[in-house]
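See below for the structure under consideration.
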Amino acid sequence: TLFPYTTLFRSPYEFTMKNAQIERIPFYIEMGKDVLLAWCHLPEHPTDHAVLICPPVGHEFVNSYRGLRHLADGFAEKGVTTFRMEYQGVGDSSGLDTDPDRLQKWLDSIERTVTFLKEKCNIQKISLLGLRMGATLASIVSNKIEIENLMCWVPVVEGRRYIREMLALQKTGENADLDVDSTTLEGGGFLITRETMNEMLSLSLTKIIPNAKHVFLFNTDDLPIPNQLIEEWSNQNFQFTHLTLSGYASMMATPHNSKVPHFAIEEITSIKISGNEIDKNIFLALKNFQQTSFDCYTYGSTAKESTDAGGFPITEILCEIPNTPLFGIFSLPLLRDTESKPTVLLLNSGSVHRVGPSRNYIYITRELLSLGFKVFRLDFLGLGDSINPNLDKENDPYMPESLDNIQQTICHLKEKYSINEVILMGVCSGAYSSFQFALHENEEVVHEIIPINPLTFYWKEGMSLDFSPADY
């Protein structure tokens, strides 16, 4: 049968997850004029030795988002206080692809996050775990801050090779003929300016000697082993461990095809991270940092175009919908006439979390904010940070609960923020959900829908996520 509709849940979700004892707390960290988003994965008995996960950038950030969330849970399940972070200009943090000094700002983001955790959470010891570019950044930062362990998972060993990989990705897309010698590179849907390219080209991990007590290098069984790096690091004054782990390629697949690398997570989280137990309430106080304000810039092809257009102040609020596992971010423009403007509810595209494909939901949100619209970016159940109580059913872009999720979010917006007019917007499966909600629900505050590039208007279990029914 075709799935267009389900009845609304009448009771709160029952949490039966393996890791239900973990509390996940989103919070903001101010860094000068910028704002960084971070997550705390809090075990029942937290300690003062924390693991900070440094993610990749670009399309690898989006593709690995689910896997790294599971990794953070895996550490927390074993009693390790764990944090995820997002660099300036990446994910939900402020900033644009066209910003100058991106590499330095990513490094500054790690340093600022560590400083914040020590100041606000009484963290005494830090271990860094980085994936891809995050591992390279963490290696550099290890020479600026004191860390216990450095864990590098398939790091970017040579910036030149990384740029070649991005160029190869570009040649599979619409910008295959773009002249990278004179302009920008677009790898996997993410813009890399000439300045950022030059910064990346200078990276060579074999020339970086990490400063940590124990350095771990995790490579994958489906990529060449970095023998030169292993040889270089094996002869240093730190304890060095090299492991080959499976599951990397499937974790880094496009979000709707990605798989959680459970074996790799088990191996990584078996590393001993010892610390002294500290008061859990210290971490619960991070909930005081769930609202922030910063100057927002709309997207331009260059940093100058963005800044010339002028920044404008906005407020963003991290929202957990009461009595549900749902998470979203509510963005409101300041100093703009918003009284007569509706709120746009942005719905997940495929299995990509709330930043949208190629981070486009961030750019759409900032354009709408510049016009005076309020925007709520929602993670459906089982996507992003809306944890499905049944982990076997997560990562489904056409989950049967999507209409319920929309209704629950609208109820929250009406009750807490007195919202009385909503526009539903989404790409692909988000377009499908907006259409089905308008078709089957009689919600008076939904005045319009803006479905963008829907794969189908009627979904049947087993249909391909990669091809339109018209292509069958």
Side-chain angles (χ1 to χ4, degrees), residues 18-31 35-55 68-87 107-131 134-135 137-153 210-216 218 237-241 265-290 318 385:
K18 169 187 173 186
N19 49 17
Q21 73 275 17
I22 298 170
E23 185 163 2
R24 303 174 191 83
I25 305 172
F27 60 98
Y28 286 116
I29 300 172
E30 293 184 356
M31 185 179 77
V35 174
L36 313 176
L37 180 69
W39 283 81
C40 174
H41 292 243
L42 188 62
E44 184 64 31
H45 302 286
T47 67
D48 62 358
H49 184 176
V51 168
L52 174 61
I53 296 176
C54 305
L68 291 185
R69 195 202 77 220
H70 276 268
L71 176 63
D73 279 348
F75 272 119
E77 283 175 1
K78 296 188 176 181
V80 179
T81 311
T82 310
F83 295 88
R84 289 183 288 140
M85 63 162 297
E86 298 177 7
Y87 318 112
L107 296 169
D108 292 344
S109 298
I110 299 175
E111 289 190 62
R112 172 61 186 137
T113 301
V114 169
T115 300
F116 180 94
L117 299 181
K118 289 183 175 181
E119 291 177 350
K120 302 297 183 182
C121 300
N122 200 25
I123 294 298
Q124 301 298 311
K125 295 187 287 187
I126 287 281
S127 290
L128 298 179
L129 184 146
L131 175 65
L137 298 172
S139 300
I140 298 172
V141 168
S142 72
N143 283 287
K144 298 183 178 181
I145 61 175
E146 183 179 352
I147 66 170
E148 298 293 311
N149 303 296
L150 173 66
M151 295 165 273
C152 297
W153 194 0
N211 184 14
K213 295 177 181 177
H214 197 155
V215 175
F216 297 83
F218 309 124
N237 292 327
F238 48 72
Q239 187 176 351
F240 178 67
T241 300
I265 289 175
E266 180 60 32
E267 286 291 309
I268 294 171
T269 58
S270 294
I271 295 171
K272 185 173 179 59
I273 307 290
S274 57
N276 299 314
E277 186 173 340
I278 55 177
D279 186 1
K280 192 173 184 179
N281 289 319
I282 294 175
F283 300 96
L284 297 179
L286 291 171
K287 295 179 181 180
N288 296 324
F289 299 92
Q290 294 185 331
L318 305 175
D385 292 286

**OP:** Taking only Lys NZ, Arg NE, NH1 and NH2, and the carboxylate oxygens of Asp or Glu, determine whether Lys287 and Glu23 approach each other closer than 4.0 Å.
**Re:**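 Answer for the salt bridge query: yes.
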**OP:** Decide, yes or no, whether a salt bridge links Lys272 with Glu148 under the criterion of side-chain N to carboxylate O below 4.0 Å.
**Re:**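 Salt bridge absent between Lys272 and Glu148.
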Would the distance check show the side chain of [X] and the main-chain N or O of [Y] forming a donor-acceptor pair, the cut-off being under 3.5 Å?
X	Y	answer
Thr81	Thr47	yes
Asp48	Gly275	no
Glu119	Leu117	no
His49	Ser274	yes

Between [X] and [Y], which heavy-atom pair has the shortest distance, and what is it?
X	Y	result
Met151	Phe75	SD-CZ, 4.3 Å
Pro55	Tyr87	O-OH, 2.5 Å
Phe238	Lys213	CB-O, 3.8 Å
Gly74	Thr269	C-CG2, 3.6 Å
Ser139	Ser142	O-OG, 2.6 Å
Pro210	Asn143	CA-ND2, 4.2 Å

Side-chain contact test, heavy atoms from C-beta onward, threshold under 4.5 Å: evaluate it for [X] versus [Y] and give yes or no.
X	Y	result
Phe116	Phe27	yes
Phe283	Ile278	yes
Trp39	Leu318	no
Phe289	Lys120	yes
His41	Leu71	no
Ile53	Thr82	yes
Pro43	Val80	no
Asp385	Arg24	no

**OP:** Decide side-chain contact (heavy atoms from CB on, under 4.5 Å) for Leu42 and Leu284; before the verdict, give the C-alpha distance in whole Å, the side-chain angles of both, and the deciding distance to 0.1 Å.
**Re:** CA-CA 9 Å; Leu42 188 62; Leu284 297 179; 4.0 Å; yes
Subject >> Residues Ser109, Glu86; criterion side-chain contact (heavy atoms from CB on, under 4.5 Å); working and verdict >> reply: CA-CA 8 Å; Ser109 298; Glu86 298 177 7; over 6 Å; no
Original post:
Given Glu77 and Gln21, is the side-chain contact (heavy atoms from CB on, under 4.5 Å) satisfied, shown in steps?
Top reply: CA-CA 8 Å; Glu77 283 175 1; Gln21 73 275 17; 4.3 Å; yes
[atom1]/[X]: more than 12 non-hydrogen atoms of other groups inside 6.0 Å:
X	atom1	value
Asn288	CG	yes
Glu267	CD	yes
Glu111	CD	yes

As an exercise, state the distance from [atom1] of [X] to [atom2] of [Y], rounded to the nearest 0.5 Å.
X	Y	atom1	atom2	answer
Leu128	Leu150	CG	CG	6.5 Å
Leu131	Leu137	CG	CG	11.5 Å
Ile110	Arg112	CD1	CZ	14.0 Å
Leu68	Ile265	CG	CD1	8.0 Å
Ile273	Asn149	CD1	CG	4.5 Å
Cys54	Leu129	SG	CG	7.5 Å

**OP:** Please lay out, stage by stage, how Thr113 and Met31 fare under the test side-chain contact (heavy atoms from CB on, under 4.5 Å).
**Re:** CA-CA 9 Å; Thr113 301; Met31 185 179 77; over 6 Å; no
